[in-house]
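Atoms within a ligand are numbered from 1 in the order they appear, just like the ligands themselves.
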Amino acid sequence: MIEEAVRVILKARFAIAFTGAGISAESGVPTFRGKDGLWKHYKPEELATPEAFERDPALVWDFYRWRMQKILEAKPNPAHYALAELERLGILRAVITQNVDDLHHEAGSENVIELHGNIFRVRCTSCSYRENLKESGRIREFVNSKDLPRCPQCGSLLRPDVVWFGEALPRTALERAFKLAEKSDVVLVIGTSGVVYPAAYIPYIVKEHGGKVIEVNVRRSGITPIADIFLRGKAGEVMAKILD
Ligand code: BV8
Ligand code: ZN
């Protein structure tokens with residue numbers, strides 16, 4: 001099956017990757033669903049929604065600070081590096097990710113579309129202030145502080161620049177992702193349960209336009225029914241083999 005997948009990828013006219021939390025599992029970043037998933041201990045509705053932030057911003061900030069800390073300790077794994085290498089070789093045109101952990105950038109991927117935002121970016125709940133904490137060097141200050149972060153421009157609460165349930169995805173990112181999917185003849189789907197929409201449409205759009213779907217996952221997912229090739233296994237291990 002791996003040889004078949006390599007043949008399809010090498011023959012591709014326009015290949016993209018679509019990734020979820022599973023690609024970062026081997027980097028030590030907790031996934032959302034599944035046996036040790038985040039949502040086991042927390043309910044998404046209690047944390048990743050505008051209502052939750054409205055009701056208890058301190059609880060939501062505790063959750064995101066905890067996740068920022070986990071992600072800061074994480075390094076890209078061979079799956080992230082393999083996608084960056086495939087892009088460098090001109091085989092992969094873009095990575096469309098649901099992840100907010102910035103590990104694709106860290107691994108060297110250039111053309112990354114973040115459908116659900118980025119945990120290291122914050123934005124003001126009132127004015128247009130945005131800050132990339134990695135660029136401003138304020139991550140440590142943010143992660144270690146116990147107070148609610150305030151906007152330096154207008155004093156209102158800052159929030160994580162990620163997409164919560166019930167919120168629209170960033171329009172430009174979503175439009176770019178849909179356009180790329182329409183043009184793709186191969187999509188490499190790695191580590192997603194394929195249950196969150198509209199992101200999960202991406203592989204379906206490739207399929208509808210006659211493209212091939214190659215899935216890498218440790219178990220079946222919402223995408224497996226349309227997968228032309230299903231490579232059961234850990235993303236890091238399978239992608240390392242594909243690159244060989
Ligand atoms: C929207 C970001 C409308 C922040 C996340 C009721 C009200 C409102 C909306 C809805 C509703 N009911 C349904 C909806 C739609 C909803 C939705 O799809 N819900 C699902 C759960 C049913 N979608 C939304 O709300 C979206 N917005 O619809 O707005 C709208 C439109 C216009 C105008 C206004 C409003 C917003 C969705 C984005 C939500 N944000 N998080 C943060 O990260 O904290 S969701 C969260 O799930 C993450 O973003 C994550 O990326 C995403 C998907 O999860 P996965 O990445 O797939 O991860 P998961 O843990 O599920 O799976 C991991 C997979 O990896 C598994 O398959 C596992 O087997 C595999 N794996 C594990 N280890 C490995 C591995 N594979 C390989 N190797 C390994 N080692
Ligand atoms: Zn402000």
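By the 30° and 60° cut-offs, the orientation of the rings of Y197 relative to Y201 is perpendicular. Using bins of under 30°, 30° to 60° and over 60° for the plane-to-plane angle, the ring pair H80/H104 lands in the perpendicular bin.
The contact set between ligand 1 and V162, taken as ligand atoms under 4.0 Å from a residue heavy atom, comprises 4 (C). Listed by atom number, the atoms of ligand 1 under 4.0 Å from V195 heavy atoms are 18 (O), 20 (C), 22 (C). The G20 neighbourhood of ligand 1 comprises atoms 56 (O), with distances under 4.0 Å to a heavy atom of that residue. Heavy-atom proximity to A235, at under 4.0 Å, picks out these atoms of ligand 1: 77 (C), 78 (N), 79 (C). Atoms of ligand 1 lying under 4.0 Å from at least one heavy atom of E167, given by number and element, are 1 (C), 26 (C), 27 (N), 29 (O), 35 (C), 36 (C). Close contacts of ligand 1 with A25, meaning ligand atoms under 4.0 Å from a residue heavy atom, involve 73 (N), 80 (N). Of all atoms in ligand 1, listed by their number and element, those nearer than 4.0 Å to a heavy atom of V163 are 2 (C), 4 (C), 5 (C), 36 (C), 38 (C), 39 (C), 40 (N), 41 (N). Shown in contact with Y64 at under 4.0 Å from a heavy atom are these atoms of ligand 1, numbered in order with element: 4 (C), 42 (C), 44 (O).
Distance check, rounded to the nearest 0.5 Å: CD1 of I119 to CD1 of I71 gives 4.0 Å. Rounded to the nearest 0.5 angstrom, N144 CG and I139 CD1 are separated by 11.0 Å. If you take CZ on R138 and OG on S145, they are separated by 9.5 Å, rounding to the nearest 0.5 Å. Rounding to the nearest 0.5 Å places CZ of R150 at 4.5 Å from CG of L157. Rounded to the nearest 0.5 angstrom, I113 CD1 and T19 OG1 are separated by 11.0 Å. Here D228 contributes atom CG and E215 contributes atom CD; the two are 11.0 Å apart, rounded to the nearest 0.5 Å.
Proximity of Q98 to ligand 1, defined as any heavy-atom pair under 4.0 Å, is shared by backbone and side chain alike. Residue V100 touches ligand 1 through its side chain alone, judged by heavy-atom distances below 4.0 Å.
Excluding water, every protein N/O/S atom under 2.8 Å from the Zn ion (ligand 2) is given here by residue and atom: C124 SG, C127 SG, C151 SG, C154 SG.
The residue from S27, G194, G22, P160 that puts a heavy atom closest to atom 71 (N) of ligand 1 is G22. Looking at W164, F32, F63, Y197 and measuring to atom 46 (C) of ligand 1, the nearest heavy atom belongs to F32. Comparing heavy-atom distances from atom 43 (O) of ligand 1 across H116, R219, R171, R67 singles out R67 as nearest. By heavy-atom distance, the residue among V196, L47, L115, N99 lying nearest atom 37 (C) of ligand 1 is V196.
Dense packing is recorded around CZ of R13, with more than 12 heavy atoms of other residues, nucleotides or ligands lying under 6.0 Å away. More than 12 heavy atoms of other residues, nucleotides or ligands lie within 6.0 Å of NZ in K207, so this atom counts as buried by the packing criterion. E54 CD: 12 or fewer foreign heavy atoms inside a 6.0 Å radius.
A heavy-atom distance below 4.5 Å is not found between the side chains of M239 and K234.
Contacts of A84 classified as side-chain contact (heavy atoms from CB on, under 4.5 Å), with partners at least two apart in sequence or in another chain: S109.
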